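Presented below is the structure to which this report refers.
Quick caveat: nothing in here was measured; it's all calculated off a predicted structure. Side-chain atoms are counted along with the backbone in the values below, which use heavy atoms only and exclude waters and symmetry mates.
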Amino acid sequence: MPVQLLKIVNGKPETPLPSHLQKEDLKHLQEGFDHTNKYFQGIVILHYPLTKLSDGRDFFKLVLQDMNNSCSRNDSINICIYGKMAEDCARVVRHGDTFVVAGFKLEKSPTVGEDGRHGCHLEVSEEAGSAIYIYTKPRTTGASETASMSVAPKYAYTSLNCLKDGTIVNLYGVVKFFKPPYVSKGTDYCSVVTLVDPSNVKLTCTLFSGNLDSLPKIYKVGDIVRFHRIKIREYNGQMQGITSVGFASLTFDGTVGAPVVPRTSSKVYTFMDEEQKTVEELRVWAASNLSISGPAAKLSGVQPMLFFDLTCQLVGKAKVDGSSFLLKVWDGTKCPYPTWKVPVEARDLEGEKILLHQLRNLTVDVLVYDNHVQLAKSLKIGSFLRIYSIHTKQASAVDEDVSHIEFHLHGGTCYGRGIGVLPESNPDVKELKAFLESVELADSQNMESMSSVELDGTFNSVTDLESHLQRCQQLPVTVLTDHQDLNNTELKTILNSTAPQQYRIRAKLRTYKPQKLYQSIKLHCSKCKSLQEVPDGDGFDFILQGSAITAPNVELQNTSWYDSVMWTTQDEKQRKIVIHFVKHDEMLQQPEDTLLMIEGGTLKEVWKLTKIFKCVIPVRSTEDDLELLDLSAPFLLQGNIKYYGCKQCSTPKPIKSLSSIAAEQRPSWEPTEIAQVLGIELLQYVFIMKFTLIDGTGALNAYLFDYEKFFQIPASEILSNNFLQQKMQMTMNTLCPPGRKLDDLPWLECFIKSYNVRDGMKHQVYYQIFDTTVAEDVV
DNA sequence: TTAGGATTTG
């Protein structure tokens with residue numbers, strides 16, 4: 001009998017405790033001590049209502065005071081009782097009872113920071129072989145009832161619009177963004193979570209823990225969390241949450257109507273009707289106030305050049321090299337494009353060989369890089385994963401005629417990139433498991449070939465592809481914007497003619513370069529006709545760092561046409577930053593209309609300013625005026641676009657020339673106008689591509705030189721806009737579908753001109769596409 | 001301490 005009531009007669013227990021048990025002092029209740037055959041005895045000073053845990057077990061918590069030291073909170077300890085013993089104790093225990101517990105397990109107390117009691121608590125259950133003896137005082141009515149009134153801990157929750165710097169609070173929120181836990185550069189795992197609540201205020205929390213299990217178990221945007229003891233700090237002018245001692249979290253599925261079951265590693269938590277109500281209310285609020293993405297992407301629905309989250313099962317894994325690791329996964333559907341296979345040594349491949357072979361046409365190789373390698377290595381074969389922000393990249397190997405799709409999980413954690421392990425209880429996993437089992441069933445019935453499986457998995461995408469294909473075969477995928485009355489000329493005729501001439505052609509796009517579309521963007525100077533690569537961010541950063549060495553000239557601050565603000569950074573570098581806000585009519589403008597100049601800023605600071613202000617011009621002080629930085633850096637930033645000047649053709653003028661624009665009635669701050677007054681020859685972003693065109697009579701290479709017209713996408717915006725990159729990739733996939741035979745390629749109608757290029761003794765005819773655009777229903 | 005959301009270009 002695990003819970004025994006022992007009567008006290010004449011101040012002594014009527015029945016003695018079993019003789020093998022020895023009394024343990026409170027000070028010996030420490031980890032590392034052997035507590036076998038020991039018991040602890042104390043007075044019940046507090047007990048909580050009986051509650052149910054998420055696994056359905058009863059839970060009862062009480063507090064015992066050490067009888068030798070009866071005045072200090074330090075000398076009290078929490079007792080957590082599980083299962084039937086919890087129910088039994090709850091029924092009989094009274095405030096003031098002498099309580100004896102044996103066969104307990106010692107655990108670190110998660111509430112020590114809050115209740116100031118003993119650093120450990122005792123875990124007690126029948127399964128653990130615990131025993132409880134309660135010395136009962138004579139029961140009376142009235143007084144003792146009052147004394148044993150239960151005290152439920154009451155938590156107050158702060159709304160996200162009421163957070164104050166330096167406080168520790170409890171809060172609820174709907175997950176708007178999250179990074180699944182990853183290995184930080186310090187000693188802990190880190191997870192970043194952005195919450196919103198009905199006050200419409202966002203809070204980004206940075207959570208650290210050495211124990212992966214104690215970080216919130218968030219699986220998707222829209223999940224609801226409850227954080228206890230999160231510390232609020234101000235960072236960059238915004239409130240930020242960070243883990244504090246005793247941080248604890250519960251996570252709930254955000255689906256309206258789903259069971260309200262908390263996901264937590266904590267065995268002890270309060271969760272009652274009131275909390276359930278809060279979760280349900282937040283679900284309803286989120287459903288109409290947050291955009292939560294629809295059904296997850298499947299392998300059968302992947303598009304090249306996209307980032308997506310994949311819910312899948314791990315079939316195999318292998319080391320590749322120091323900075324990358326291979327995961328072979330499947331989700332039961334088939335990718336409609338040829339996929340790459342990462343070459344690895346057979347002995348390095350972990351996983352069931354037979355299954356790997358059976359599923360060889362359904363698994364895809366995901367190569368994970370850098371910081372994800374450590375986590376990937378630790379994954380168990382057969383586990384269910386959600387891989388966040390996988391990149392599908394189109395590429396072709398040297399010896400391949402057609403391109404394939406690659407799956408990369410790049411390094412870093414931007415956009416929540418990472419790997420999460422989903423428990424089998426997760427509804428998405430349950431659904432996936434059921435689907436995978438049906439696929440495996442089909443497989444075992446048809447061991448000879450995978451065809452029926454493949455068809456099942458891809459039926460939708462095959463029909464999609466077919467209809468798309470038909471459209472492509474019927475109509476040309478590019479159209480002329482002029483010269484419609486001209487007749488087509490065969491490529492063979494063009495190749496045998498002298499240049500320069502102009503032709504209308506009908507041809508297929510066999511291949512194009514560069515395959516990496518971002519490499520097609522160049523900067524062009526319309527004055528000297530030079531082309532150059534778009535500088536990368538590192539070069540800009542370097543120039544900014546170099547310019548920060550120049551001390552700001554105070555005499556150049558606060559002039560008639562701009563107001564200046566200067567401050568020194570708090571870090572050890574003590575950097576001086578000056579921002580000059582250009583005025584209009586002696587007034588500062590709204591941020592979205594404001595041009596500002598910055599001295600001494602970092603790349604990150606400049607970038608942040610571009611999000612808020614219309615134009616940002618990085619400058620440095622000279623003796624008599626501000627001046628532009630080296631022209632390898634952008635001289636102007638507007639939104640996401642960096643504007644560069646031609647080093648050869650520009651003659652930079654003093655910055656005060658800008659005041660003429662500021663004095664205009666409505667300064668529009670057009671880059672061309674700014675460039676002009678500053679003596680800068682503006683470089684323009686262009687697409688430069690080489691199309692290999694064929695028409696059955698011959699093949700020729702034609703260059704595409706396009707600012708915007710062909711793709712109907714401004715070349716200036718493509719590098720900073722991922723959506724446009726995807727759009728452009730999809731356009732190219734329609735013009736030249738990956739993995740397609742020659743006969744199945746669509747027709748292009750183009751206008752091309754031939755021209756002569758003489759380089760010393762060498763003479764060559766080149767072709768350029770012009771007055772052509774991608775058909776309206778393709779873009 | 002770590003990271004502090006805002007895709008790589010392997």
Checking all strands, does [X] fall into the base, sugar-phosphate, or nothing category for heavy-atom contacts under 4.0 angstrom?
X      : answer
A:D370 : base
A:F308 : nothing
A:G416 : nothing
A:T187 : base

Worksheet entry | By side-chain hydrogen bond (donor to acceptor under 3.5 Å, both in side chains) - contacts of A:T194 (at least two apart) | A:T204
Worksheet entry | Candidate pair A:T413 and A:K179, rule side-chain hydrogen bond (donor to acceptor under 3.5 Å, both in side chains), full reasoning | CA-CA 7 Å; A:T413 61; A:K179 291 185 177 184; 2.7 Å; yes
Worksheet item: Between B:dT9 atom P and A:I521 atom CD1, what is the distance in whole Å?
Response: 17 Å
Fill in: Distance, rounded to the nearest Å, where A:Y369 contributes OH and B:dT9 contributes P
9 Å
Check the geometry between [X] and [N] and answer yes if their rings are stacked (centres below 5.5 Å, planes below 30°), otherwise no.
X      : N     : value
A:F208 : B:dT1 : no
A:Y235 : B:dG4 : yes
A:Y415 : B:dA6 : no

Worksheet item: Picking from B:dT7, B:dG10, B:dG4, which would you name as closest to the side chain of A:R417?
Response: B:dT7
Discussion item. Whether A:K608 contacts B:dA6 is assessed here as follows: a side-chain N or O lying under 4.0 Å from the phosphate OP1 or OP2. Is that the case?
Written reply: no
Discussion item. Going by side-chain hydrogen bond (donor to acceptor under 3.5 Å, both in side chains), name the pairs with one or both residues in residues 307-317 of chain A, residues two or more places apart or in two chains.
Written reply: A:T311-A:R386, A:Q313-A:W330
